[in-house]
Visitor: 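Just dropping this structure here.
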Amino acid sequence: MNQESFHHQGSYQSQKHLSDAIDLCPTLSNAYFEKSVAFLKRGLFVEWKQLMDIAVELNPEQHLMYRGWCQFFFLRNYDKAKEDLSQLANIKGEKFIGVGQNGEYDLRVVIALCHRYTGNKKKAIKILEETLSKEDYYEGIYDNLHLGVLYMESEVYDKAKEYFIRQLKLNEFAEAYYYLAKTEYLEGNIQKAKENIGKADELYLKNRKMSSYYYEYPDQIYKIDIVNLGKLINS
């Protein structure tokens with residue numbers, strides 16, 4: 001299997017070595033996993049999942065994290081992502097079950113976001129509040145933003161602003177100012193909303209924003225979002 005590492009990921013030679021490894025040892029879970037990644041990055045999700053499912057079946061503790069994380073970020077299959085990560089928690093028997101593939105999220109935060117997108121915002125807030133207060137919490141770079149948005153959507157504006165301000169103290173980027181501006185607008189604080197949407201626009205133009213080559217982040221914004229909110233604020 002190690003021969004595949006001498007070739008570009010997803011190349012014919014790399015995939016051929018992985019296929020050979022599977023032929024030699026059909027229970028080698030990492031070979032299925034590595035072979036699946038090339039399909040994921042090309043957007044061939046059916047092919048990715050067929051291989052990934054075999055890897056999980058052979059070694060669930062090692063591969064459930066990755067499948068659950070991909071179900072969330074690539075496929076937006078929140079029920080399945082929650083199922084995978086909950087199964088992993090049961091296997092590990094621990095509250096801290098690890099960090100997502102991109103190194104940016106405590107997996108408990110991903111579980112909370114799954115609850116958010118499947119209609120249970122109260123449970124999402126509860127899990128996030130509890131996770132952020134734990135000693136074993138792995139601090140992600142966007143966690144306070146997500147919790148702030150949940151409070152904003154729940155019309156608890158003071159808590160929303162509290163978490164947006166926390167986020168800005170840790171990491172100043174366009175989305176945090178955008179949602180702070182939106183919250184101020186919803187409260188009728190027009191001047192503060194104007195100031196914050198201006199900062200959001202400034203940082204967005206400097207490329208200080210959420211971005212990935214492969215997927216869209218939860219609560220990620222685009223230039224049109226800033227323009228449209230700016231029109232509302234200034235109308």
Side-chain angles (χ1 to χ4, degrees), residues 72-79 81-82 100 102 104-134 137-212 215-235:
F72 182 92
F73 280 96
F74 285 88
L75 302 181
R76 297 297 192 249
N77 192 340
Y78 304 118
D79 284 318
K82 183 170 53 177
N102 61 2
E104 295 173 349
Y105 286 93
D106 186 310
L107 290 173
R108 290 170 292 187
V109 173
V110 178
I111 291 173
L113 293 171
C114 287
H115 284 290
R116 170 189 177 184
Y117 290 122
T118 52
N120 197 340
K121 292 181 182 179
K122 286 185 178 180
K123 188 164 186 177
I125 289 172
K126 183 175 184 292
I127 293 172
L128 276 171
E129 288 274 19
E130 289 176 353
T131 300
L132 269 62
S133 67
K134 297 290 185 184
Y137 162 58
Y138 175 90
E139 187 175 37
I141 58 176
Y142 302 128
D143 297 347
N144 288 285
L145 175 80
H146 298 317
L147 186 49
V149 172
L150 273 162
Y151 273 121
M152 183 194 73
E153 292 174 344
S154 303
E155 299 181 3
V156 185
Y157 298 131
D158 285 346
K159 293 289 285 185
K161 290 192 290 186
E162 176 188 331
Y163 281 101
F164 294 143
I165 290 167
R166 284 191 192 185
Q167 182 67 74
L168 286 165
K169 288 179 180 178
L170 292 169
N171 183 17
E172 197 176 31
F173 58 101
E175 279 82 358
Y177 278 115
Y178 170 84
Y179 287 108
L180 182 56
K182 189 171 183 178
T183 304
E184 296 287 10
Y185 170 75
L186 291 169
E187 283 196 301
N189 302 323
I190 302 304
Q191 186 54 43
K192 288 184 178 180
K194 286 181 179 179
E195 292 170 6
N196 285 303
I197 198 65
K199 291 176 181 177
D201 190 38
E202 180 182 339
L203 289 178
Y204 193 92
L205 292 173
K206 291 179 179 178
N207 208 33
R208 289 172 61 182
K209 57 188 175 66
M210 301 169 91
S211 64
S212 168
Y215 49 77
E216 182 182 84
Y217 282 97
D219 302 315
Q220 183 176 336
I221 63 167
Y222 297 92
K223 177 67 176 180
I224 189 64
D225 298 306
I226 295 172
V227 170
N228 287 341
L229 181 57
K231 287 178 180 177
L232 276 177
I233 292 169
N234 290 292
S235 62

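Everything numeric in this text was worked out from a predicted model, so none of it was measured.
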Visitor: Charged N to carboxylate O below 4.0 Å: is that the case for Lys134 and Glu130?
Guide: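 Not counted as a salt bridge, because no side-chain N and carboxylate O are separated by less than 4.0 Å.
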
Visitor: State, with a plain yes or no, whether a side-chain heavy atom of Tyr163 is found less than 4.5 Å away from one of Leu145.
Guide: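 SC-SC contact between Tyr163 and Leu145 ruled out.
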
Visitor: Working note: Asn102 + Tyr215, criterion side-chain contact (heavy atoms from CB on, under 4.5 Å); need CA distance, chi angles, decisive distance, verdict.
Guide: CA-CA 11 Å; Asn102 61 2; Tyr215 49 77; 3.0 Å; yes

Visitor: Once salt bridge (Lys or Arg N to Asp or Glu O under 4.0 Å) is applied, what residue pairs with a partner in residues 105-114 remain, sequence neighbours excluded?
Guide: Asp106-Arg108, Arg108-Asp136

Visitor: Using modelled atom types and a 3.5 Å cut-off, is there a donor and acceptor pairing between side-chain atoms of Gln220 and backbone atoms of Tyr217?
Guide: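 Yes; at least one donor-acceptor contact below 3.5 Å.
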
Visitor: Going by the rule side chain to side chain donor-acceptor pair (under 3.5 Å), which residues pair with Tyr138 if we only count those two or more places apart in sequence or in a different chain?
Guide: none

Visitor: Less than 4.5 Å apart, side chain to side chain, heavy atoms only: is that true for Lys209 and Leu203?
Guide: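 A side-chain contact under 4.5 Å is absent here.
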
Visitor: Not counting sequence neighbours, which residues clear side-chain contact (heavy atoms from CB on, under 4.5 Å) with Leu75? List them please.
Guide: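 side-chain contact (heavy atoms from CB on, under 4.5 Å) list for Leu75, sorted by chain: Phe45, Trp48, Gln71, Asn77.
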
Visitor: Is the Tyr105-His146 ring centre distance short of 6.0 angstrom?
Guide: yes

Visitor: Using distance only, find each side-chain donor-acceptor pair of residues 227-235 under 3.5 Å and give its atom names and separation, not counting sequence neighbours.
Guide:
| from | atom 1 | to | atom 2 | distance (Å) |
| --- | --- | --- | --- | --- |
| Asn228 | ND2 | Ile224 | O | 3.3 |
| Asn234 | ND2 | Gly230 | O | 2.7 |
| Ser235 | OG | Leu232 | O | 2.7 |

Visitor: Between Phe173 and Ile141, what is the shortest heavy-atom contact and its length?
Guide: CE2-O, 4.3 Å

Visitor: Distance check, rounded to the nearest 0.5 Å: Asp201 atom CG versus Tyr178 atom OH?
Guide: 12.0 Å

Visitor: Under 3.5 Å, which donor-acceptor pairs do the side chains of residues 189-196 form with other protein atoms, sequence neighbours left out?
Guide:
| from | atom 1 | to | atom 2 | distance (Å) |
| --- | --- | --- | --- | --- |
| Asn189 | ND2 | Glu184 | OE1 | 2.7 |
| Asn196 | ND2 | Lys192 | O | 2.9 |

Visitor: Kindly compute the distance separating CG (Leu180) from CD (Glu175), expressed to the nearest 0.5 Å.
Guide: 13.0 Å

Visitor: Restricting to pairs with a member in residues 141-157, which pass salt bridge (Lys or Arg N to Asp or Glu O under 4.0 Å), not counting sequence neighbours?
Guide: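 Applying salt bridge (Lys or Arg N to Asp or Glu O under 4.0 Å) to every pair that reaches into residues 141-157, excluding sequence neighbours, yields Arg116-Glu153, Lys121-Glu153.
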
Visitor: Return yes if a side-chain donor-acceptor contact under 3.5 Å exists between Tyr204 and Asp225, otherwise no.
Guide: no

Visitor: Does the pair Lys159/Glu162 count as a salt bridge with the N-to-O cut at 4.0 Å?
Guide: yes

Visitor: Below 4.5 Å, heavy atoms only, C-beta onward: do Asp158 and Glu187 meet side chain to side chain?
Guide: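 The answer is yes, as the side chains (C-beta and beyond) meet within the 4.5 Å cut-off.
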
Visitor: Determine whether more than 12 heavy atoms belonging to other residues, nucleotides or ligands lie under 6.0 Å from atom NZ of Lys126.
Guide: no

Visitor: Kindly give the heavy-atom pair with the smallest separation between Leu113 and Pro218, and that separation in Å.
Guide: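 Answer, listing the atom of Leu113 first, then Pro218: CD1-CG, 4.1 Å.
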
Visitor: Which pair of heavy atoms, one from Ala160 and one from Gly148, lies closest together, and at what distance?
Guide: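 That closest heavy-atom pairing would be CB-O, 3.4 Å.
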
Visitor: Are the side chains of Leu132 and Glu139 in touch, meaning some heavy atoms are under 4.5 Å apart?
Guide: no

Visitor: With the side chain counted from C-beta on, respond yes when Phe73 and Ser212 share a heavy-atom pair under 4.5 Å apart, and no when they do not.
Guide: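 They are not in contact (no side-chain heavy atoms under 4.5 Å apart), so the answer is no.
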
Visitor: As an exercise, state the distance from CG of Leu150 to NZ of Lys123, rounded to the nearest 0.5 Å.
Guide: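 NZ of Lys123 is found 14.0 Å from CG of Leu150.
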
Visitor: Drop me the distance from Ile127's CD1 to Cys114's SG, to the nearest 0.5 angstrom.
Guide: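 If I round to the nearest 0.5 Å, the distance is 9.0 Å.
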
Visitor: As an exercise, state the distance from OH of Tyr142 to CD of Gln167, rounded to the nearest 0.5 Å.
Guide: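 Rounded to the nearest 0.5 Å, the OH-CD separation comes to 8.5 Å.
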
Visitor: Roughly how far, to the nearest 0.5 Å, is the NZ atom of Lys169 from the CZ atom of Phe164?
Guide: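 That separation rounds to 15.0 Å.
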
Visitor: Counting the benzene-type ring for Trp, do Tyr151 and Tyr157 have ring centres under 6.0 Å apart?
Guide: no

Visitor: Exactly one of Ile221, Ile197, Leu168 should register a side chain to side chain contact (heavy atoms under 4.5 Å, CB included) with Tyr177. Which one does?
Guide: Leu168

